[in-house]
Number of protein chains: 2
Amino acid sequence: MITTVRRRARATAGPTARGDGAGATVGLGMLAELIGYHVRLAQMAVFADFERALGALSLSPGLFGLLVIVEANPGLRQTQLADAARLDRSTLVPALDKLESRDLVERRAAPDDRRSNGLFLTAQGATLLAQAKRAVRAHEKRIAAELGEGDRATLIELLDRLAPGGRRP
Amino acid sequence: MITTVRRRARATAGPTARGDGAGATVGLGMLAELIGYHVRLAQMAVFADFERALGALSLSPGLFGLLVIVEANPGLRQTQLADAARLDRSTLVPALDKLESRDLVERRAAPDDRRSNGLFLTAQGATLLAQAKRAVRAHEKRIAAELGEGDRATLIELLDRLAPGGRRP
DNA sequence: TATTGTTATACTCTATAACTATA
DNA sequence: TATAGTTATAGAGTATAACAATA
């Protein structure tokens, strides 16, 4: 299957189309030819919009991601969540502390293995997450508006080629 | 102009093609549908390869970027460099301290404005940067190998649509 | 008054190593 | 011995606010 890429429709508004800014006269050398450079800029822009969308709920992209994974996998163990979120299990601890202190997530002692905790969304957590997901869908729509549905799929496909499925080599 | 995207040629090696890993059974909920999620994974993969390529020279992507910009703009002022690199000028100070302590960059008092410093690569800085650029080109070739030249250009074009030219709104 | 570089400080994200309580 | 969660600690990376020197 072949996917086509639609070019932007000639400047959304007006001056917005210019690709420079404060440092217009400063050359970037080979930087602008590096995929990593463009990925980083895109990441900054996308995350900034995400924070703008979710700031009111005091949820960072990372915390939001944890809530989503816990919701999708009730009873998940901390180590499993850490793996899924690509965090060290020690990194997960303060994040869960934060979510638990806000009564969004609950650590329940696992019945079968007393070393483990099962993770669950609280009622409050489920409510907040529902709100957050609405905000995130709006955010996604906003940034995807620059692309259109076809190009969005293409972009994701190309990005996934850079990150080999998420395996740890 | 229409750009076509070539799909990957049926698994480079073998098991590498599988898209899961340790947390195979853990669902990600809506996460996998978010552009930001894929951008983040790509960013992590690309930066990890960059660090692997440049680690021997003890250059992070950030420091490498600063050297490249200084090389392309000899005599640049700190504030200008900060703008070009999208850093606060206070953030730039310790970075330049690091580069200067390693004798890679020099702050020269500007003749016309005694508040300002002009930034220059030292001879050592130029030598190291030349090495680094070779390593970065190899790195770029490596990650672009997953794409091919056409898809590489497409990816960059799509990413740039997410980051509005780099302007600060 | 405004700008340049600097300092002091703090916050986020992340990791490694070692500890504890289980298994 | 090995694993799950935790703690202590540290290191990037980044920012804001305030300051001295200079414009």
Side-chain angles (χ1 to χ4, degrees), chain A residues 22-23 26 36 40-41 43-45 47-48 50-51 54-55 58-66 70 75-102 105-120 168, chain B residues 22-23 26 36 40-41 43-45 47-48 50-51 54-55 58-66 70 75-102 105-120 168:
Chain A
V26 177
R40 175 172 158 262
L41 291 191
Q43 156 101 273
M44 286 173 56
F47 270 51
F50 189 103
E51 303 267 15
L54 273 271
S58 296
L59 277 186
S60 64
L63 293 184
F64 172 76
L66 294 181
V70 169
L76 201 64
R77 308 297 159 93
Q78 291 189 200
T79 299
Q80 295 177 303
L81 176 56
D83 285 349
R86 291 141 201 272
L87 297 174
D88 190 88
R89 66 200 207 278
S90 72
T91 304
L92 184 62
V93 173
L96 283 179
D97 290 348
K98 217 177 290 182
L99 294 175
E100 209 172 26
S101 77
R102 289 172 60 185
V105 161
E106 200 188 338
R107 288 161 160 123
R108 276 188 222 155
D112 56 306
D113 184 340
R114 287 190 316 194
R115 295 171 303 179
S116 293
N117 296 324
L119 300 172
F120 299 87
R168 312 222 175 93
Chain B
V26 178
R40 174 173 158 261
L41 290 191
Q43 156 100 272
M44 286 173 57
F47 270 52
F50 189 104
E51 303 267 15
L54 273 272
S58 296
L59 277 186
S60 65
L63 292 184
F64 172 77
L66 294 179
V70 169
L76 201 64
R77 307 299 158 91
Q78 289 188 200
T79 298
Q80 294 176 303
L81 176 55
D83 285 348
R86 291 142 199 269
L87 298 174
D88 190 88
R89 66 198 207 279
S90 72
T91 304
L92 183 61
V93 172
L96 283 178
D97 289 349
K98 218 177 289 184
L99 293 175
E100 208 172 26
S101 76
R102 289 172 61 184
V105 160
E106 201 189 336
R107 287 161 160 123
R108 277 187 222 158
D112 55 308
D113 184 340
R114 287 191 313 193
R115 293 171 304 181
S116 293
N117 296 322
L119 299 172
F120 299 88
R168 312 227 173 88

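Chain identifiers are assigned alphabetically (A, B, ...) following the order of the sequence lines, protein sequences preceding nucleic acid strands; residue numbering begins at 1 within each chain.
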Locate the shortest heavy-atom distance separating B:Gln43 from A:Arg40; write the atom from each residue and the value.
->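 Scanning both residues completely, I find the closest heavy atoms to be NE2-CA, 3.8 Å.
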Heavy-atom pair with the smallest gap, counting every atom of B:Val105 and B:Leu96 =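 Looking at all heavy atoms of both residues, the shortest contact is CG1-CD2, 4.2 Å.
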Which is true for A:Ser116 with a 4.0 Å heavy-atom rule: it touches a base, it touches only sugar-phosphate, or it touches nothing?
->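 The residue A:Ser116 makes sugar-phosphate contact but no base contact.
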Output yes when at least one side-chain N/O atom of B:Thr91 is less than 4.0 Å from OP1 or OP2 of D:dG13, else no.
->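 The answer is no; no side-chain N or O of B:Thr91 sits under 4.0 Å from OP1 or OP2.
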Taking only N and O in the side chain of B:Arg89, is any of them less than 4.0 Å away from OP1 or OP2 of D:dA18?
->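 Result: no.
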Protein-nucleotide distance ([X], atom [atom1]; [N], atom [atom2]), rounded to Å:
| X | N | atom1 | atom2 | answer |
| --- | --- | --- | --- | --- |
| A:Gln80 | D:dT3 | CD | C1' | 13 Å |
| B:Asp83 | D:dA15 | CG | P | 11 Å |
| A:Leu76 | D:dA4 | CG | P | 12 Å |
| B:Arg114 | C:dT6 | CZ | C1' | 18 Å |
| A:Arg40 | D:dA12 | CZ | P | 17 Å |
| A:Leu81 | D:dG5 | CG | C1' | 13 Å |
| A:Asp97 | C:dC13 | CG | C1' | 15 Å |
| B:Phe47 | C:dC13 | CZ | P | 17 Å |

On DNA chain D, check which nucleotide each of A:Val93 and B:Ser60 is closest to and give me the residue with the more 5' one.
->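 Final value for this comparison: A:Val93.
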B:Pro61 or A:Asn117, whichever maps to the more 5' nucleotide of DNA chain D |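 Final value for this comparison: A:Asn117.
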Which nucleotide in [options] has an atom nearest any side-chain atom of [X]:
| X | options | value |
| --- | --- | --- |
| B:Arg115 | D:dG5, D:dA21, D:dG13 | D:dA21 |
| B:Gln78 | C:dT6, D:dA21, D:dT6 | C:dT6 |
| B:Lys98 | C:dT7, D:dG13, C:dA23 | D:dG13 |

Would you confirm whether A:Glu100, through its side chain, and A:Arg107, through its main-chain N or O, come within 3.5 Å as a donor-acceptor pair?
->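 Side chain of A:Glu100 to backbone of A:Arg107, a donor-acceptor pair under 3.5 Å: yes, one is there.
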Is the shortest distance from a Lys or Arg side-chain nitrogen in B:Arg77 or B:Asp83 to a carboxylate oxygen in the other one below 4.0 Å?
->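 No, this pair does not count.
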Side-chain donor/acceptor of A:Thr79 to base of D:dA4, under 3.5 Å |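 Result: no qualifying N/O pair found.
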Candidate list A:Asp97, A:Leu66, A:Thr79, test side chain to side chain contact (heavy atoms under 4.5 Å, CB included), partner A:Leu92, passing option =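 Of the listed options, the one satisfying the test is A:Leu66.
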